Number of protein chains: 2
Amino acid sequence: MSEHPNIQEAKRPERATADTVAKLAGVSRVAVSRAFNPHASLKKEKRDLILKIAKELGYTPDMAGRALVTRRSHLVGVIVPDVCSPWESQEIDALTTALQGEGFATLLFKTRTDQSMDERLLTYMKGFNLDSIIAFAENVSPDTLTHSLGRAVPIYVSYSEDGSLPNQPGSTSVFDRLIVDQKTGIDQAVALMQAYGCRNFAYLGGTTTSLANTERERAFKCIMKERGLPDPLVLQGDYTYETALASTLDLFKVGEGVDGIFSANDVGAFGVIDALRFQLGLRVPEDVKVVGFDDIAQSGWLSYNLTTVKIDLEDRVRALVRLILRRLKDPNAPAMTETLQTRLIVRGTVGS
Amino acid sequence: MSEHPNIQEAKRPERATADTVAKLAGVSRVAVSRAFNPHASLKKEKRDLILKIAKELGYTPDMAGRALVTRRSHLVGVIVPDVCSPWESQEIDALTTALQGEGFATLLFKTRTDQSMDERLLTYMKGFNLDSIIAFAENVSPDTLTHSLGRAVPIYVSYSEDGSLPNQPGSTSVFDRLIVDQKTGIDQAVALMQAYGCRNFAYLGGTTTSLANTERERAFKCIMKERGLPDPLVLQGDYTYETALASTLDLFKVGEGVDGIFSANDVGAFGVIDALRFQLGLRVPEDVKVVGFDDIAQSGWLSYNLTTVKIDLEDRVRALVRLILRRLKDPNAPAMTETLQTRLIVRGTVGS
DNA sequence: TTGTATGCGTTATCAG
DNA sequence: CTGATAACGCATACAA
């Protein structure tokens with residue numbers, strides 16, 4: 001019926017805009033905006049009408065337009081080296097759920113594990129104007145993050161109370177922290193192994209550049225000393241099953257007599273167990289006792305049934321979300337901190 | 001030095017904008033825009049100057065502003081019921097990497113598995129103006145997706161060639177599809193089990209509402225018939241380890257004599273194996289042979305060493321990215337399709 | 001409570 | 001090759 005029918009543009013209809021709704025409702029487009037912002041004042045019946053028409057038209061406020069003026073993107077960036085490692089995927093899962101509940105969407109960024117974080121990814125991320133950033137990758141320093149990202153205050157997960165962080169040259173940048181106190185859980189683990197007669201301990205590490213690993217190793221050695229136990233052997237690792245398996249084979253080729261192995265993560269512990277059982281003909285826990293770290297879902301599976309130090313995932317995610325929300329409420333507040341405890345989950349890989 | 005020093009605003013500096021760069025470079029802001037769009041024509045030395053100044057100022061084009069006018073958000077939505085299930089986390093990992101390489105960021109959305117997809121999530125997603133959407137969740141129909149989302153053409157993963165899709169009432173909406181031909185792999189699995197003497201088969205399903213499961217079960221039964229084998233017992237499942245374990249216990253409480261179990265996914269197969277070995281005192285593969293589906297990384301672990309039907313993750317992700325890019329190049333193109341093959345990976349859970 | 005005017009940061013269009 | 005101008009969709013300040 002139109003004078004100039006445009007065949008090409010007929011196919012994919014443009015999204016309804018606030019003006020469309022306003023026209024149909026007989027109000028101004030500001031009223032439409034207000035209808036979608038609960039705190040704005042608008043006569044109830046008018047709001048209801050607008051919302052009804054909006055629903056019919058399938059109208060939703062455009063986040064890009066909104067972000068431009070409110071300076072809030074409702075986007076939270078998550079930087080991970082590996083989405084597919086069980087612990088991280090479980091954390092991302094919980095985090096996404098929690099953030100979604102608060103109206104934020106999770107933007108996933110992957111760093112290449114083998115390579116130091118390049119600037120390109122950071123400037124790329126910056127363009128999205130993230131409201132917050134959580135760095136699970138440990139090869140990117142908070143300084144770099146703070147400096148190269150705009151409004152977002154990064155959240156850094158660290159594993160010791162004394163504020164040690166990578167590459168900080170008298171850093172003045174503000175960032176929030178989640179501190180995991182892993183000493184309690186590790187002490188419980190060592191106590192249990194000791195009670196079951198372990199004398200020769202080995203520590204299977206994660207990636208050497210990893211802060212979590214460095215601090216875990218430090219805490220483990222410290223506790224060994226406190227308990228009057230000899231220094232543990234240290235095995236090279238990288239948090240993967242394959243490396244853990246290989247390292248364990250190496251260990252028993254050379255140094256014999258190890259009867260207790262503490263792994264920096266659960267997946268590594270699985271590799272240790274499989275090497276012992278299927279390649280070395282040793283029994284777990286009778287011959288060698290094994291403890292892991294994380295308490296991922298797979299640790300409860302009967303084939304492994306792993307005794308492990310648990311970081312409570314729900315607690316951890318709640319703490320992260322608290323940090324994000326508080327920071328958004330007051331962008332200029334001083335650095336904030338949350339602390340998390342760990343505890344031992346006793347299953348079948350330490351016993352007699 | 002300024003006449004009206006503003007103490008409050010001094011703390012968090014505003015992001016540099018195109019105008020800032022333009023002023024310092026002595027050009028118009030359009031030139032700055034062009035400097036960041038490779039296809040735009042701009043004298044080389046001028047572009048270099050702008051890029052250099054931009055780098056010094058830490059300027060990056062704002063995606064929100066850009067999206068507003070280009071109508072491209074560079075955001076790809078991924079809908080998943082569980083990020084933490086191994087197969088999905090591995091797929092998300094690969095997909096994020098691939099998309100990042102093409103300049104897209106991955107936006108993660110979680111659906112509650114136990115509940116049908118509610119409209120709120122969809123309208124919420126719509127606000128982000130996604131360039132594309134990949135639905136790994138199967139409780140949301142492509143019609144709903146197409147209708148309630150704006151420009152984005154959804155990609156649907158289906159498991160049969162005949163176009164069967166959930167809730168399609170003569171659907172006219174356009175959506176692209178990735179079809180997984182699982183029959184080849186399943187046939188190889190049954191052939192192998194048959195060769196090792198399996199006579200009484202059981203099928204452990206995934207979630208009953210899952211399309212993948214429905215088609216997997218149909219294919220399995222069809223192949224059984226083709227090979228002159230009796231109808232398999234069907235066990236209820238939901239893709240989880242725990243349910244698989246419980247279902248297997250139930251199975252051997254009642255119906256004895258099952259000597260071959262095919263699980264709709266690998267994690268389920270792990271549950272089956274653990275139930276057989278640790279709770280029922282049966283040997284795998286000597287007493288019962290087990291085959292899984294997916295070939296997740298954990299299937300190679302020695303404790304399970306699972307024979308399984310593999311979907312090639314890299315192929316799958318490449319196909320998805322191809323679909324996205326082609327659709328963006330031509331938004332009005334007719335529905336597109338990619339097909340994927342499956343094949344058996346032989347390990348230790350079928351043998352003698 | 002409501003509407004008008006303005007600006008957020010960018011690119012498309014068009015004129016030079 | 002370059003610059004001025006308008007537009008994208010929205011929320012805020014201000015005036016009514």
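Chain naming here is simple, since letters A, B, ... match the order of the sequence lines and numbering starts at 1 in each. Keep in mind that what you see is a predicted model, and the values were worked out from it rather than measured.
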task: Quickly work out the N129(A) CG to dG9(C) C1' distance and round it to whole Å.
output: 10 Å

- prompt: If you look only at pairs with a residue in residues 41-53 of chain B, which of them pass as a side chain to side chain donor-acceptor pair (under 3.5 Å), with sequence neighbours excluded?
  reply: K44(B)-D48(B)

- request: State, to the nearest 10°, the angle formed by the axis through the first five base pairs of the helix from dT1(C)-dA16(D) to dG16(C)-dC1(D) and the axis through its last five.
  value: 30°

message: Rounded to whole Å, please give me the gap between NZ in K23(A) and P in dG9(D).
response: 12 Å

field: Results of side-chain hydrogen bond (donor to acceptor under 3.5 Å, both in side chains) for E88(B) - residues two or more places apart only
entry: none

message: Does atom CZ (R316(A)) have a neighbourhood of more than 12 heavy atoms from anything else shown, all under 6.0 Å?
response: yes

task: Could you list by number each residue of residues 41-50 of chain B showing a heavy-atom separation from DNA chain D of less than 4.0 Å, or answer none if no residue does?
output: S41(B), L42(B), K43(B), K46(B)

- request: Report yes if some heavy atom in the side chain of D131(B) is under 4.5 Å from a heavy atom in the side chain of I324(B); otherwise report no.
  value: no

task: Could you tell me whether the side chain of I155(A) reaches within less than 4.5 Å of the side chain of R327(A), counting heavy atoms only?
output: no

Short heteroatom pairs, N/O only, protein and nucleotides 10-13 of chain D, under 3.5 Å:
residue : atom : partner : partner atom : Å
dC10(D) : OP1  : Y59(A)  : OH           : 2.8
dC10(D) : OP1  : D62(A)  : N            : 2.9
dC10(D) : OP2  : T17(A)  : OG1          : 3.0
dC10(D) : OP2  : A18(A)  : N            : 2.8
dA11(D) : OP1  : N37(A)  : OD1          : 3.4
dA11(D) : OP1  : R66(A)  : NE           : 2.6
dA11(D) : OP1  : R66(A)  : NH2          : 2.8
dA11(D) : OP2  : S33(A)  : OG           : 2.5
dA11(D) : O5'  : S33(A)  : OG           : 3.4

- request: Please report the shortest heavy-atom distance between I50(B) and A35(B), naming the atom on each side.
  value: CG2-CB, 3.6 Å

message: Would you call the rings of F128(B) and F109(B) parallel, tilted or perpendicular, taking 30° and 60° as the class edges?
response: tilted

- prompt: Mind checking what makes ring-ring contact (aromatic ring centres under 6.0 Å, His included) contact with F36(B), not counting sequence neighbours?
  reply: Y59(B)

S28(B) or A64(A), whichever maps to the more 5' nucleotide of DNA chain D: S28(B)

query: To the nearest 0.5 Å, how far apart are OG1 in T20(B) and CZ in R29(B)?
result: 11.0 Å

statement: d(K329(A) NZ, R326(A) CZ) to nearest 0.5 Å is 9.5 Å

